[in-house]
Structure formats: C-alpha cells, structure tokens
Amino acid sequence: MASVFPFTFIKYKFIYNSIFKVQGGRMVENVIIIGSGPAGYAAAIYAARNDLDPMLIRGLQAGGQLMLTSLVENYPGFDSILGPDLMEKMSQHSKKFLPPSKIIDRDVTSVDLNVYPYKIYVEDTVYETYSLIIASGASAKWLGLENEKRLIGKGVSGCAVCDAFFFKNKSVVVVGGGDSAMEDASYLSKFASDVTIIHRRDKFRASSIMQDRVFSNPKIKIIWDTVVEDVLGKDHVEGVKLKNVKTGEERVLPTQGVFIAIGHSPNTDIFKGQLQIDDLGYIVTHDNVKTSKDGVFAAGDVQDRRYKQAVVAAGWGAMSAIEATKFLEEKKLIK
Ligand code: NAP
C-alpha cells in the first residue's frame with residue numbers, strides 16, 4: 001500500500017493540474033525564472049532538483065551575453081570553449097530536469113509585483129507565481145551618437161563574434177578598454193587587415209592576460225586618451241572623428257568598421273517602479289540575492305555591479321534557487 005500511495009497522489013495531482021489548465025483556470029507556479037544566461041540556467045537546475053517544478057522563461061534569444069562571445073577560458077571545467085557551445089551545454093543540462101512545457105522561449109513583456117501571487121506577462125499570456133528569480137542579465141551599451149545608431153549594421157556593430165566575418169581584410173576600430181574590447185580586438189584581428197583600439201584613458205581596465213594578448217598582437221594598434229565624437233559615412237562607415245581628451249586635438253581616422261565594446265547595462269526596465277533599483281539600473285539586493293520584495297530574487301548581471309563573470313552569475317543563480325526554496329518552505333507553499 002505504502003508504495004502505491006505516492007504514485008496515485010502524483011498521478012492525481014498531474015491530472016488535476018492538466019484539467020485545471022485546459023479549462024483556463026488559475027495555475028500558480030512555485031517559481032518562475034526569467035533569463036537564460038548562466039544565472040538563469042543554474043537557478044533552473046537547482047530549483048528543479050529541489051522539486052520546485054520551476055518555469056524558465058528564456059526569452060526569444062536564449063543564452064544571454066555568452067552567445068555573443070568567442071572563447072571562454074575561465075569557466076571551471078572547460079579550459080577553452082566557445083560561448084555559444086557553453087550555453088548549449090547549459091541548455092541541455094537544464095532540459096534534463098525541466099519538461100518542454102516549463103521552458104518558454106518568449107520575452108517577458110511586463111510584470112506586476114504589486115499583487116500576490118506575482119503576475120508575469122508574456123504578451124497576452126499571464127503566468128502567476130509564488131516566487132520569482134530575475135536573471136535577465138545585461139545588454140551592450142552604445143556611445144549614444146546619432147550616426148552610430150544610423151549606421152548600425154552598415155559598419156557599426158556591438159558584436160564582434162557575429163560580424164567579424166564581414167570585415168575580412170578591412171580596417172576596423174574597437175572602442176573600449178575592458179575585457180570585451182580586448183576580446184573583440186583579438187577576435188577581429190583574425191579577419192580584419194588591422195584593428196585600432198580607441199580608449200578614453202591611458203590604461204586599460206581589462207585583465208592582464210587579455211591586455212597582454214592585445215599588446216603582443218602585431219595587427220592591433222592602440223590610440224589612448226581618445227574618444228569617438230562621430231561616426232562618418234553616408235550609407236556605410238567610412239571613418240570616425242576622434243578627439244584627444246588631454247590635448248583637445250581632433251582628427252579623422254578612416255575605417256570601415258566600428259565595434260563598440262564599452263560595457264553593459266542591466267536589463268531592468270520592466271521592474272522599474274516595482275523593485276528597488278540603483279542609480280546605474282541594477283536591482284538592489286540584500287542577503288546576496290533578496291530584492292526589496294519578499295519572494296523575488298535577483299541573480300547575475302542584473303544585480304551584480306562588481307564581478308560580472310559567467311561563473312559568478314551561475315553562483316548567484318544557485319543561491320537564488322536555494323533562497324526561493326527556503327521562502328516557499330517558510331510560507332508553507334511547498335512541502
Ligand atoms: P567594462 O569592464 O565595464 O569596460 C568598459 C570599458 O569601456 C572601460 O574601459 C570604459 O572606460 C569604457 N567605456 C565605458 N563607457 C564609455 C564611453 N561612453 N565611451 C568610451 N569608453 C567607454 O565592460 P566589459 O569590457 O564589457 O566587461 C564587463 C565584464 O565582463 C567585466 O567584468 C569583464 O571582466 C567581463 N568579461 C570577461 C571576459 C572574459 O573573461 N573572457 C570577456 C568579456 C567581458 P574606463 O576604463 O575609462 O571606465
């Protein structure tokens with residue numbers, strides 16, 4: 001008898017929930033996870049293994065920022081792996097624990113965190129949930145120049161890995177001084193005839209190993225203390241107008257490609273006014289991953305002002321699933 005009971009109970013629960021859904025009734029999720037970078041996948045795997053039966057809303061373009069990078073050499077367990085391959089592995093891993101019905105490949109359009117259970121809108125579909133893990137990551141920043149915007153896709157790019165191929169034997173510039181700029185310049189040097197990094201200061205903030213790769217690459221030149229004031233060209237990029245911030249000297253540098261690598265902004269627009277968000281747009285957290293709303297957790301680049309590393313994001317994701325489990329247990333919403 002003892003072995004039959006759990007089976008019958010689980011079957012009953014499954015049928016009950018299915019009929020409930022078909023009839024358009026109210027089905028409240030234990031936890032919804034928004035985002036599919038390392039934080040989102042780690043949260044989904046941990047939550048599923050804690051029997052939370054999570055729903056993972058991955059977005060239209062699953063995989064986050066690592067989909068736009070080339071080699072990842074600092075994720076433990078992988079001495080060298082392409083960013084998209086690492087994300088595919090995470091996706092496959094999550095599918096071991098989540099059924100297809102719990103993976104939604106659409107964008108969250110809005111949320112209502114002023115009601116409980118919380119409401120998550122995916123266009124005209126609304127999901128309700130007792131807890132929420134926000135792992136919506138960050139998006140590449142732009143310089144904000146009018147001609148930069150006009151010439152996106154016509155020589156201006158925010159993704160070296162996506163577009164480098166189109167710049168075979170052409171001159172390109174990379175704007176920025178962090179790891180992204182170093183990585184983009186190194187990658188572009190395999191295609192372009194020459195690469196010039198334009199940086200607004202006289203030293204890079206990138207890690208020394210990435211800087212060393214750039215310094216030792218004969219195809220990469222560096223212009224220090226300089227900002228891009230304009231992107232020139234009618235139908236496609238023909239040059240950039242530069243200004244030395246120390247001397248004030250202005251000049252035009254002919255180029256056919258402009259790659260912007262000046263960092264990222266957290267994707268928090270849909271949470272503004274409902275959660276505490278700091279002056280740079282990051283979700284404010286306390287006790288690691290707790291936000292200003294009970295049962296709402298934030299993990300990864302959406303709340304991490306400091307580290308911004310894939311492996312750290314995965315750690316935040318795991319923490320958020322553990323905290324969500326504790327929250328649901330304390331509220332007696334799960335056993
Ligand atoms: P970042 O570290 O914030 O660097 C942004 C760079 O762009 C800085 O050098 C900054 O100059 C410059 N910048 C910012 N706004 C600018 C503007 N308006 N005009 C001109 N320059 C501007 O961003 P990131 O390089 O994207 O890296 C983000 C995080 O991801 C970092 O933690 C990084 O370590 C990580 N990451 C890791 C890897 C890897 O390990 N393989 C690869 C890529 C990124 P200042 O230095 O003067 O502020």
Side-chain angles (χ1 to χ4, degrees), residues 37-39 63-87 135 137-149 156-162 164 173-189 195-215 217 220 222-231 240-246 253 258-267 278-282 300-316:
Q65 292 169 60
L66 281 182
M67 297 301 283
L68 308 178
T69 59
S70 51
L71 275 185
V72 177
E73 295 176 315
N74 53 6
Y75 201 93
F78 300 93
D79 55 357
S80 176
I81 184 167
L82 289 170
D85 291 350
L86 180 58
M87 295 324 296
S139 298
K141 287 201 288 198
W142 298 93
L143 293 170
L145 303 169
E146 210 172 291
N147 285 327
E148 169 197 45
K149 197 171 169 190
V156 173
S157 171
C159 177
V161 175
C162 319
V173 302
V174 174
V175 185
D179 281 336
S180 295
M182 304 301 113
E183 188 174 70
D184 285 3
S186 299
Y187 188 75
L188 282 159
S189 71
V195 181
T196 304
I197 299 177
I198 296 162
H199 184 39
R200 64 182 179 183
R201 289 192 294 139
D202 59 2
K203 65 167 94 92
F204 290 139
R205 70 167 59 228
S207 54
S208 40
I209 187 169
M210 308 274 267
Q211 293 195 34
D212 290 347
R213 253 174 230 170
V214 158
F215 292 141
N217 187 326
I220 302 177
I222 300 155
I223 299 180
W224 301 105
D225 298 318
T226 296
V227 291
V228 174
E229 287 213 310
D230 204 357
V231 182
V240 279
K241 186 176 161 201
L242 304 179
K243 182 178 181 181
N244 184 303
V245 292
K246 284 191 175 157
L253 177 74
V258 180
F259 286 82
I260 310 295
I262 58 168
H264 296 82
S265 311
N267 296 323
D278 73 12
D279 50 337
L280 292 178
Y282 292 88
D301 286 6
V302 76
Q303 50 80 242
D304 177 5
R305 281 178 75 140
R306 191 177 174 90
Y307 304 104
K308 303 174 187 175
Q309 302 297 309
V311 67
V312 177
W316 292 119

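In each ligand, atom 1 is the first atom listed, and ligand 1 is the first ligand listed. Atoms considered below: every heavy atom in the structure, side chains included; atoms not considered: hydrogens, waters and symmetry mates.
Between Gly177 and ligand 1, at least one N/O pair is under 3.5 Å apart.
Each of the following atoms of ligand 1 lies closer than 4.0 Å to a heavy atom of Leu143: 19 (N). Residue Asn74 has at least one heavy-atom neighbour below 4.0 Å for each of these atoms of ligand 1: 39 (C), 40 (O). Contact atoms of ligand 1 toward Tyr307: 32 (O) (distance under 4.0 Å to a heavy atom of the residue). Atoms of ligand 1 lying under 4.0 Å from any heavy atom of His264, numbered from 1 in the order shown and given with element: 26 (O). Against a heavy-atom cut-off of under 4.0 Å, Arg201 is close to the following atoms of ligand 1: 45 (P), 46 (O), 47 (O).
Checked by atom type and distance alone, the side chain of Asp179 pairs as donor or acceptor with a backbone atom of Ser207 at under 3.5 Å. With Glu229 contributing its side chain and Lys241 its backbone, the two residues share no donor-acceptor pair below 3.5 Å. In this structure a side-chain-to-backbone donor-acceptor pair under 3.5 Å is present from Glu148 to Leu143. Listed for the Asp225 side chain is a donor-acceptor partner under 3.5 Å among the backbone atoms of Asp202.
In the candidate list Met210, Glu183, Arg306, Arg205, Arg205 is nearest to atom 4 (O) of ligand 1, counting heavy atoms. Across Gly263, Gly176, Ala310, heavy-atom proximity to atom 23 (O) of ligand 1 is greatest for Gly263.
Contacts between Lys308 and ligand 1 below 4.0 angstrom, taking non-hydrogen atoms only, involve backbone and side chain alike. Contacts with ligand 1 closer than 4.0 Å are made by no heavy atom of Lys141, backbone or side chain. Under 4.0 angstrom from ligand 1, there are no non-hydrogen atoms of Thr69. For Glu73, no heavy-atom contact with ligand 1 is shorter than 4.0 Å.
The closest side-chain heavy-atom distance from Val228 to Val258 is not below 4.5 Å.
Considering only non-hydrogen protein atoms, atom 32 (O) of ligand 1 sits nearest to Gln309 NE2, 3.1 Å. What sits closest to atom 7 (O) of ligand 1 on the protein, heavy atoms only, is Ile262 CA, 3.2 Å. Nearest non-hydrogen protein atom to atom 20 (C) of ligand 1 is Arg200 CD, 3.8 Å. Nearest protein heavy-atom neighbour of atom 24 (P) of ligand 1: Ser180 OG, 3.2 Å. Nearest protein neighbour of atom 38 (C) of ligand 1, counting heavy atoms only, is Asp179 CB, 3.8 Å.
In this structure, Trp224 and His199 have perpendicular ring planes: the angle between them is above 60°, well past the 30° mark.
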Checking Ile81 against Val72 for the side chain to side chain contact (heavy atoms under 4.5 Å, CB included) test, could you report, in this order, the C-alpha distance in whole Å, the side-chain angles of both residues, the deciding distance, and whether it holds? CA-CA 5 Å; Ile81 184 167; Val72 177; 4.2 Å; yes

As a quick check of understanding, evaluate side chain to side chain contact (heavy atoms under 4.5 Å, CB included) for Leu71 and Tyr187, giving each step before the final call. CA-CA 9 Å; Leu71 275 185; Tyr187 188 75; over 6 Å; no

Might you work through the side chain to side chain contact (heavy atoms under 4.5 Å, CB included) test for Phe204 and Ile197, ending with a clear yes or no? CA-CA 10 Å; Phe204 290 139; Ile197 299 177; 3.9 Å; yes

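The shortest heavy-atom distance from Met182 to ligand 1 is not under 4.0 Å.
Residue Phe215 qualifies as enclosed at atom CZ: its count of foreign heavy atoms under 6.0 Å is above 12.
Just one residue in the list Asp184, Asn217, Val174 forms a side-chain contact (heavy atoms from CB on, under 4.5 Å) with Val195, and that residue is Val174.
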